[in-house]
Amino acid sequence: MEYLLSLIIACPLVACLFVFLFDDGGAKRFGRIISFIELGLVLWLFFIYRIDVAEVQFLDRFVLIEPLGIDYIVSVDGISLALIMLTAFIMFIANIYVRRLDDSRPLVVCLLSLEGILMGLFLSQNALMFYTFWELALLPVLYMVGVWGSGKKIYIGMKFFVYTFASSLVMLMSIIYMGYLYYSTYGIFSFDMYMWKTLNLPLSTQSILFWGFLISIAVKIPIIPLHTWLPHIYSEAPALGSVMLSALLSKMGTYAMLKILLPIFPDASVSFMPMVTVLAVVMVIYAGIIAFRQRDIKKVIAYSSISHMGVVILGIFSFNPEGISGAVFMMVAHGITSGGLFLLAGMLFYRMNTRHIDDFGGIASVMPHYSTLFAVVMLSNVGLPLTIGFVGEFLSLYGFFQTSAILTALAGTTVIISACYMLYMFKNIFYGDVIHASILKLKDLNFREYATMIPLIAAIVAFGIYPKVLLEFMQTTSQQVISTMNARATEDSSKEHFLKVNNGLILSVDDYLFENDEPLEEEIIEPQSFNDRERQNLYSTNFIYSKPLENNLGFRDSSHSFRMTENQDSTEDLQNQDSNQNQDLLLSSLMATYQGNLRRA
C-alpha cells in the first residue's frame, strides 16, 4: 500500500519506454493493456480509500535534496482521487479510440506519458514537483497538435505554448518565494504544500502570491480574458488532442485552486472572491453566447467548455462544502461529457472531412445509433436531471447562492444558454434535409466506436442517477478545505464571510471526521525516527491541529487531545512543557497526521 501512488505514476511512464518495440498494431494493443492496468490500480485505490478520513492518505515520501527542501512527496485525498479516476478512465477510452494510423506508436507514447504526468500532478504534495509536472503536461499535447493537427497547427501550437509557459514562470517565482518565506520563518527550506499551511502570511503578502498563482491558473482553465488560445487549439487539434485539453488539462487549473489558493491564501481568496466570481459569471454567459454563433462543431464544444468551467469556479469560491463538492463533481462530469462530445465530433469529421454545421443535415436517418449517443451526451452537457452534468452544476450553484443570489441567478442562465446552442447544433446536424449525397453513404458506428462510447454513456447515466458514489469521498476533503481556511484566516472579515456562507456553522476537522463511533486504525510513528529537520519543523508549527488520541484499547479518548493554536504564546507554552513524554506524544501525533496517519491493516 505504501508505494501504490508511486506505482500509479510510474506505470504509464515506464511503459512508454517499451512502445517502440512493437509495430503499429502491437503498440495500440500495448497502450490499451497499460491504460487498463492503470485504471485497475486507480480503482483498487478507490476501493481501499477511507472516506471517513479527512487527511491525506497513502503518503510516500523520501528526501532528494534536504538542504533545499526538495522532496519526493505524493499523497491522495478525496479531491485528487476524483481527478486521477477521471484521468485513468479518459485515458483508457482514448487508447481504445486510437485509429489505424501509419505510425501510431508516437500517439500511444503521448497518451501514456501524459497519463503519468497528470497522475504525478494530481498526487504531488511538493510544490516544485507539482510545477515540474505542470510544465511537462505541455509537451505531449504540443506534439499531438503539431503532428496530427489541421489548419495553422504550428502557429496555434506555439501560441498555446507561449501563453501557458510564460504564465507558468510567474507561478515558479511564487513557489520559490514561498520557499524563501518558509526559510525566513523556520530556518529551513520547504516546498511541501502541507507545511506551507503553517505560515501566517499577512494579507498583503497573500495577495501578491495569490495573483502569482492565479495568473498561471487562469491561463490553464482558461478564465476570460486569457482564453484566446483555446478555441483555435481545441478546433484544430486532432480529436484525442481536444479530449486531452478539455477533459483533463483544464482541470489542472481548478485543482490548483483547491490545492494551493484556498488553503494557503485564505484571506486573499476571500478578498478577491468578488472579482474572480464576476469573471466566472462572464465566462458562463459570454462564452455561451459566443458558442451559439459558431458554425464549427468543435468550436461550439470549446466555448461550451469555457462556459461550464465558469460554474466550476463559482462552486470553488463558494467556500462551503456543498459548492466545493459540486465543483469537484462537475470537473469529473465535464471531463466525461466534453470528452464524449469531442470524440463524437471526431467520428463525424473522419467520415465527412468537415466540421462545418451547415454541411450536415439528416444524419439521424442515416446514423441512428450515432445520433442517439450524441443526444445523450449533449443532454448531459445541457444539465438534464438524471445525467452526470446536472448534479455538479446544481450543487455548485446551490453552494454559491449563499454568497450572492444575483450572481447565482445570472450563472443559472447557463442551463438556458447551453440548451439553446446545443439543441440548435443538434437540430441542424441530425435533422432537416440531406444536403450532400455523400451523407446517404455514411455508415453507423463500428465496434471500436461502440467500445469507446458505451462506457462514457454508462458513466453519464449511472453517476447522474446515483452520484453518492463520487460525492461521499469528496465531501470530507471539501469540509477540511473550509476548516483549514477558517483556521488560518487572520482577517475578521474573512472569518465572518466563512460563517455567513456556511450558515454560521463551520465544523472542525475532528467534529466532521469523528462524528461516528468507529475506532480508527492508526500507524504509530516513534519520535526517535524523526530527523532534526522534521523535529524543528513540527515543533515550530503554529497550524491548528485537533484530533482525539486513541487509548491502548483502540478507542478514541477525547480527553487527551493536543491543540496548537495561532497564538504564539500558546505554542511556546506547549513547546516548553516539562514532560518530554508529552512532547514526544505531540510530535508523534502531528507526524502521523502529516504522513497520511491512517493506514489499512
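Everything quoted here is computed from the prediction, not taken from an experiment. Nothing fancy with the numbering, it's 1 onward along the sequence.
- The CD1 atom of Ile9 sits 11.5 Å away from the CD atom of Glu115 when rounded to the nearest 0.5 Å.
- Proximity of a side-chain donor or acceptor of Ser216 to a complementary backbone N or O of Phe213 within less than 3.5 Å is not detected.
- The heavy-atom pair separating Met193 from Ala127 by the smallest distance is CG-CB, 4.0 Å.
- Residue Met171 holds its CE atom at 8.5 Å from OH of Tyr131, rounded to the nearest 0.5 Å.
- To the nearest 0.5 Å, atoms CD1 (Ile215) and OG (Ser167) are separated by 8.5 Å.
- For the pair Phe401 and Leu397, the minimum side-chain heavy-atom distance is 4.5 Å or more.
- To the nearest 0.5 angstrom, His334 atom NE2 is 6.5 Å from Ser304 atom OG.
- Smallest separation of non-hydrogen atoms from Leu261 and Ser269: O-OG, 3.1 Å.
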(message) For a salt bridge (charged side-chain N to carboxylate O under 4.0 Å, His left out) check, start with the C-alpha distance between Arg351 and Glu449, then their side-chain angles and the critical distance, and finish with the verdict.
(response) CA-CA 13 Å; Arg351 289 166 168 80; Glu449 292 168 336; 2.8 Å; yes
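- Of the possible polar contacts, one joining the Gln294 side chain to the Ile290 backbone as a donor-acceptor pair under 3.5 Å is found.
- Between Met425 and Met378, every side-chain heavy-atom pair lies at or beyond the 4.5 Å cut-off.
- We find the CZ-OG1 distance between Phe122 and Thr87 to be 4.5 Å, quoted to the nearest 0.5 Å.
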(request) Applying side-chain contact (heavy atoms from CB on, under 4.5 Å), run through Trp211 and Val170 and close with a yes or a no. (result) CA-CA 9 Å; Trp211 278 102; Val170 184; over 6 Å; no
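- In this structure, Thr277 contributes its side chain and Pro274 its backbone to a donor-acceptor pair below 3.5 Å.
- The minimum heavy-atom distance linking Leu86 with Ala247 is given by the pair CD2-O, 3.7 Å.
- A donor-acceptor distance shorter than 3.5 angstrom exists from the side chain of Ser124 to the backbone of Gly120, with no hydrogens or angles considered.
- In this structure, Phe36 and Phe92 have tilted ring planes: the angle between them lies in the 30° to 60° band.
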(request) For the pair Ser250 and Ile221, evaluate side-chain contact (heavy atoms from CB on, under 4.5 Å) and give the outcome as yes or no after the intermediate values. (result) CA-CA 5 Å; Ser250 62; Ile221 292 176; 5.5 Å; no
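- Put simply, the side chain of Leu13 does not reach to within 4.5 Å of the side chain of Met119, judged on heavy atoms.
- A distance-only check finds no donor-acceptor pair linking the side chain of Ser80 to the backbone of Val76 [under 3.5 Å].
- In this structure, Leu456 and Leu343 have side chains that are in contact, with non-hydrogen atoms separated by less than 4.5 Å.
- Shown here is Phe46, whose CZ atom has more than 12 heavy atoms of other residues, nucleotides or ligands within 6.0 Å.
- Ring planes of Phe210 and Phe272: parallel class, angle under 30° (limits at 30 and 60°).
- By the 30° and 60° cut-offs, the orientation of the rings of Phe160 relative to Trp229 is tilted.
- Aromatic ring pairs are classed by plane angle as parallel below 30°, tilted from 30° to 60° and perpendicular above 60°; the pair Phe394 and Phe390 is parallel.
- Checking side-chain atoms of Tyr234 against main-chain N and O of Leu245 turns up a donor-acceptor pair under 3.5 Å.
- Using bins of under 30°, 30° to 60° and over 60° for the plane-to-plane angle, the ring pair Tyr370/Phe430 lands in the tilted bin.
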(request) Could you go through the side-chain contact (heavy atoms from CB on, under 4.5 Å) check for Leu445 and Leu373 one step at a time? (result) CA-CA 10 Å; Leu445 300 177; Leu373 297 182; 3.4 Å; yes
(request) Show your reasoning for whether side chain to side chain donor-acceptor pair (under 3.5 Å) applies to Asp359 and Thr354. (result) CA-CA 7 Å; Asp359 292 336; Thr354 179; 2.8 Å; yes
(request) Evaluate side chain to side chain donor-acceptor pair (under 3.5 Å) for Arg99 paired with Tyr97, printing each intermediate quantity in order. (result) CA-CA 6 Å; Arg99 295 181 176 277; Tyr97 180 78; 3.1 Å; yes
(message) Walk me through whether Tyr424 and Ile357 qualify under side-chain contact (heavy atoms from CB on, under 4.5 Å).
(response) CA-CA 10 Å; Tyr424 180 77; Ile357 295 175; 5.9 Å; no
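- Taken from CD1 in Ile363 to CD1 in Ile439, the straight-line distance is 4.5 Å, to the nearest 0.5 Å.
- Judged by distance alone, with hydrogens and angles left aside, the side-chain atoms of Thr387 form no donor-acceptor pair with the main-chain N or O of Gly464 at under 3.5 Å.
- Nearest heavy atoms, Ile285 versus Ile417: CA-CD1, 4.1 Å.
- Side chains of Lys251 and Met309 form a contact here, defined as non-hydrogen atoms less than 4.5 Å apart.
- The backbone N or O of Ser242 lies less than 3.5 Å from no partner atom in the side chain of Ser246, so there is not a single donor-acceptor pair.
- Within a 6.0 Å radius of CE in Met352, more than 12 heavy atoms belonging to other residues, nucleotides or ligands are found.
- You'll find the side chain of Met422 reaches within 4.5 Å of the side chain of Leu341, heavy atoms only.
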(request) Could you go through the side chain to side chain donor-acceptor pair (under 3.5 Å) check for His369 and Tyr450 one step at a time? (result) CA-CA 9 Å; His369 294 174; Tyr450 277 119; 2.4 Å; yes
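- A side-chain donor-acceptor contact under 3.5 Å links Ser35 to the backbone of Arg32.
- Among Arg355, Lys299, Lys153, Lys159, the one residue that satisfies the salt bridge (charged side-chain N to carboxylate O under 4.0 Å, His left out) test with Glu236 is Arg355.
- Using a 4.5 Å heavy-atom threshold, the side chains of Ile34 and Asn95 count as separate.
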(request) Go through the steps to decide whether Tyr303 and Tyr421 satisfy the test ring-ring contact (aromatic ring centres under 6.0 Å, His included), and finish with yes or no. (result) CA-CA 10 Å; Tyr303 280 106; Tyr421 61 73; 9.6 Å; no
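- Side-chain contact between Lys298 and Phe342: present, with at least one pair of heavy atoms (C-beta onward) separated by less than 4.5 Å.
- Contact detail for Gly399 and Asn320: the closest heavy-atom pair is O-ND2, 2.8 Å.
- If you look at Phe317 and Phe319, their ring centroids are closer than 6.0 Å.
- Of all heavy-atom pairs between Ala237 and Val145, the closest is CB-CG2, 3.9 Å.
- Between the side chain of Thr476 and the backbone N or O of Ile51 there is at least one donor-acceptor pair closer than 3.5 Å.
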